Every structure is written in structure tokens, then in C-alpha cells.
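Remember, it's a predicted structure, so these values are computed and weren't measured experimentally.
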Amino acid sequence: MTPLSHDQYRTLRADAQVIEADGHGEKVLRLADGTFLKLFRRKRLVSSALLYPYAKRFADNAAALQKLKIPCPEVISTCKLLNPFRSAV
């Protein structure tokens, strides 16, 4: 997973449209270039997400679906944000 600094995240976020959010913050953003940024938060302090982050699971599942010729999002990359503490695809 590629580390994404807070400044890089703010740059991506600058002209983004919020598609989905909840009480904990943004979940899906449509970026200025038309791509999407899906954010995942860890819900518990101790979680399997420490070893296998939700963004990595999403990317692996999308790859498996593509192999089966099932339409799904194309994952460009997976990222790890430190502020806010999230993983993203």
C-alpha cells in the first residue's frame, strides 16, 4: 500500500464531490478527474484489518471478480492515510 500524506490527500480532496459519508466522515469521493476514492476506517482497535487492511481486501476481491468476467470497479492503487487514519482504493 502506498503511503499518502495529509497534503496529498488534501490535494486529491480539493475539488472532490462527496458521494457517501456517515457520522465518522467521508466514505466515497468522486475526484476532479472522474475517478473515485473509497475510504475505509478500522472499526475496532484490535482487528484483522491490522494485518489485512480493508482496502487490500477490496482490491483483491475486485481482481477475483475481474478474472470471473464479472463487472466491477477497476482498482488503480491502494493507499494508506495517516491523517485521517484510513486505508483507501
>> Walk me through whether Leu82 and Leu4 qualify under side chain to side chain contact (heavy atoms under 4.5 Å, CB included).
In response: CA-CA 7 Å; Leu82 297 177; Leu4 194 65; over 6 Å; no
Quick one: does [X]'s side chain get under 4.5 Å of [Y]'s, heavy atoms only?
{"X": "Cys72", "Y": "Gln66", "value": "yes"}
{"X": "Phe58", "Y": "Pro73", "value": "yes"}
{"X": "Arg57", "Y": "Tyr52", "value": "yes"}

Straight-line distance of [X] [atom1] to [Y] [atom2], nearest 0.5 Å:
{"X": "Arg86", "Y": "Cys79", "atom1": "CZ", "atom2": "SG", "answer": "14.0 Å"}
{"X": "Glu26", "Y": "Lys38", "atom1": "CD", "atom2": "NZ", "answer": "12.0 Å"}
{"X": "Phe36", "Y": "Gln17", "atom1": "CZ", "atom2": "CD", "answer": "8.0 Å"}
{"X": "Glu20", "Y": "Arg30", "atom1": "CD", "atom2": "CZ", "answer": "13.0 Å"}

Minimum heavy-atom separation for [X] and [Y], please, with both atom names.
{"X": "Met1", "Y": "Pro53", "value": "SD-CG, 3.6 Å"}
{"X": "His6", "Y": "Asn83", "value": "ND1-O, 2.7 Å"}
{"X": "Ala88", "Y": "Leu81", "value": "CB-CD1, 3.8 Å"}
{"X": "Ala55", "Y": "Thr78", "value": "O-CG2, 3.9 Å"}

>> For Tyr54 and Leu39: C-alpha separation, side-chain torsions, deciding distance, then whether side chain to side chain contact (heavy atoms under 4.5 Å, CB included) applies.
In response: CA-CA 9 Å; Tyr54 297 125; Leu39 300 163; over 6 Å; no
>> Is it true that Thr35 and Asp33 share a donor-acceptor pair across their side chains at a distance under 3.5 Å?
In response: yes
>> For the residue pair Lys27 and Phe40, would you count it as a cation-pi contact if the rule is NZ or CZ under 6.0 angstrom from the ring centre and within 45 degrees of the ring axis?
In response: no
>> According to a hydrophobic-cluster definition based on side-chain heavy atoms being under 4.5 Å apart (Ile, Leu, Val, Met, Phe, Trp, Tyr only), do Leu31 and Val18 belong together?
In response: yes
> Under a 4.5 Å side-chain heavy-atom rule over Ile, Leu, Val, Met, Phe, Trp and Tyr, are Val89 and Leu37 clustered together?
Replying inline: no
> Under the 3.5 angstrom rule, does the side chain of Asp22 hit a backbone N or O of Gly25 as a donor-acceptor pair?
Replying inline: yes
